[in-house]
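Everything on this sheet refers to the single structure shown next.
Chain letters run A, B, ... following the sequence lines, proteins first, then strands; residues in each count from 1.
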Number of protein chains: 2
Amino acid sequence: MTTPRRPKPGDLVIDPLPPARTHPVSERLRQIYAEAARLFVEKGYDATSMSDIAQAVNITKAGLYHFVKSKEDLLMTIVTHGMDQLFDDVVEPARAVADPAERLSLIVRNHVMNIGRVRGRSGNPLTIIADDVSGLGGERKRQIDRRKREYFDLVRDTLGALQARGDIDGALDITVCAHNLIGVILWTARWRRPEGRASRDDVAEQILAFVSRGVLARRPPDTSTLANLPTDR
Amino acid sequence: MTTPRRPKPGDLVIDPLPPARTHPVSERLRQIYAEAARLFVEKGYDATSMSDIAQAVNITKAGLYHFVKSKEDLLMTIVTHGMDQLFDDVVEPARAVADPAERLSLIVRNHVMNIGRVRGRSGNPLTIIADDVSGLGGERKRQIDRRKREYFDLVRDTLGALQARGDIDGALDITVCAHNLIGVILWTARWRRPEGRASRDDVAEQILAFVSRGVLARRPPDTSTLANLPTDR
DNA sequence: TTGCAGAAACCGACCGACCGGTTAGTCTGT
DNA sequence: ACAGACTAACCGGTCGGTCGGTTTCTGCAA
């Protein structure tokens, strides 16, 4: 029952969803994790059967069990890998940035880029499904929840630092703001289509503008003082 | 195969999840829809069995099928009812408001209040699960999607009107903004606990402030001109 | 007030399909 | 020879749903 190691920087980690193993992870295994992740995201964990996954990689269910211990293990590995990516791409880089405004920009940009990234032939890694971990039993669920909490705290503390130095209106509840911000980011996974009009970069910049200035803020300090009248109809 | 009617104003609609029936809908039926909704939200549609639902209302599965035609019917009725509420509480009132800024406020407030409302002994009505309608076949899924689209268009058009009159920065993509806004609202269903610190009203006002002014907008037009320096530190 | 028919409410037993997972054994490359 | 990759057949169990029957409620004629 050792806690599953996650790849350290310099680990030569292979692109899509590698299990914690030594180097030449078999192509099959990669394929299995990639297809399983795609199906879990597409149809949901409960609605995806092991036969579905087996069929997607062109082996029988028994063949699939040659590589994988259980369905729950499969989910745990996938979600853990998604979390690893989140920490490698977002959390650790963010912690290296001292200025909270810059840190916030980095978090938004990197997280949005992380979501919807297409790796190999797999669909987008999850983070979304990380919310759908009800299929995980006791200790493993707690492990994922702890890392989600860690990420949330990073965001909230960053907003807290901004509020402390006066960059955020004191009337705003930074805990609620942190939820809102994360909600906006994660929501992109549900509406953005890779083939759509908006690229990942576009969306990242749009979201940054959205959360920074808000939707109703007029562009520069408006030159005409008329703008401040109470509800002009 | 007539399209299921939804209650018109003045219909004397009974509180939690009534099927389309004449007045004295049986208590059992109300209980069934309420418990089913609670379980679907709690564990997900696929992970909830008909036996679970039957047990929750203290009858056998066969007894349950006396009231309900199929599991999919149950889901469809619940989701349709959730949509009805969204339209009654948010869309139709919003359409009666001419000013787009006021309309936006109404949408945010009423939608946040609608989510997490507790009716009778049922949990919060869904709108969340309206995203989880993969269990619905062809035509019925399309029917729900059409109404989701209608709501989305209302939000986007409202933002469009605000942008047209200069209240929203021209650089912002209002389609992305609409997604962001809806994401923030729906996300509340995933993190807000009724017993928690923040009331529904609190959250509604916080979100309104969040999307209006953004997080990084300093309070009033800062009196010291020093504030406009490029990235201090 | 009673008797009773019919409808609504409900149950125990059961169905075929499919679930996650296992077994025993067969290929194939080294 | 042997190990990894893989399969056909199968396991106990649960799924959504059905069946035939019994109880309980309700309206109404005598």
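In this structure, B:His81 has its ring center at least 6.0 angstrom away from the ring center of B:Tyr33. Taking the six-membered ring wherever Trp is involved, the centroid distance between the rings of B:Phe152 and B:His179 falls below 6.0 Å.
For the pair B:Lys71 NZ and D:dT18 C1', the interatomic distance rounds to 17 Å; values are reported in whole Å. Rounding to whole angstrom units, CG of residue B:Asn58 and P of C:dA9 are separated by 17 Å. Rounded to whole Å, atom P of C:dC19 lies 11 Å from atom CD1 of A:Ile53. Nucleotide D:dC6 holds its P atom 11 Å from the CG atom of A:Leu29, rounded to whole Å. Here the C1' atom of nucleotide D:dG17 and the CZ atom of B:Phe67 are 17 Å apart, to the nearest Å. Between the P atom of C:dC10 and the CE atom of B:Met50 lies a distance of 15 Å, rounded to the nearest Å. At whole-Å resolution of the value, CG in A:Leu64 and P in D:dA8 are 15 Å apart. Rounded to whole Å, the distance from CD on A:Gln55 to C1' on C:dC19 is 15 Å.
Between B:Asp145 and B:Arg149 there is no salt bridge, since no side-chain nitrogen of the basic residue lies less than 4.0 Å from a carboxylate oxygen of the acidic one. Comment: B:Lys43 engages B:Asp52 in a salt bridge, judged by a side-chain N to carboxylate O separation of less than 4.0 angstrom. Between B:Arg140 and B:Asp73 there is a salt bridge, since a side-chain N of the basic residue sits under 4.0 Å from a carboxylate O of the acidic one.
At the heavy-atom level, B:Thr60 lies under 4.0 Å from base atoms of the strands shown.
Minimum atom distance to the side chain of B:Ser49 is reached by D:dC15, of the listed D:dC15, D:dG17, D:dC6.
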Evaluate side chain to side chain donor-acceptor pair (under 3.5 Å) for B:Asp89 paired with B:Asn110, printing each intermediate quantity in order.
CA-CA 6 Å; B:Asp89 293 356; B:Asn110 287 20; over 6 Å; no

Under 3.5 Å, N/O pairs linking protein and nucleotides 22-30 of chain C:
none

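You'll find the side chain of B:Arg38 stays beyond 4.5 Å of the side chain of B:Ile53, heavy atoms only.
OP1 or OP2 of C:dA9 sits under 4.0 Å from a side-chain N or O of B:His66. The side chain of B:Arg28 places an N or O atom within less than 4.0 Å of a non-bridging phosphate oxygen (OP1 or OP2) of C:dC10.
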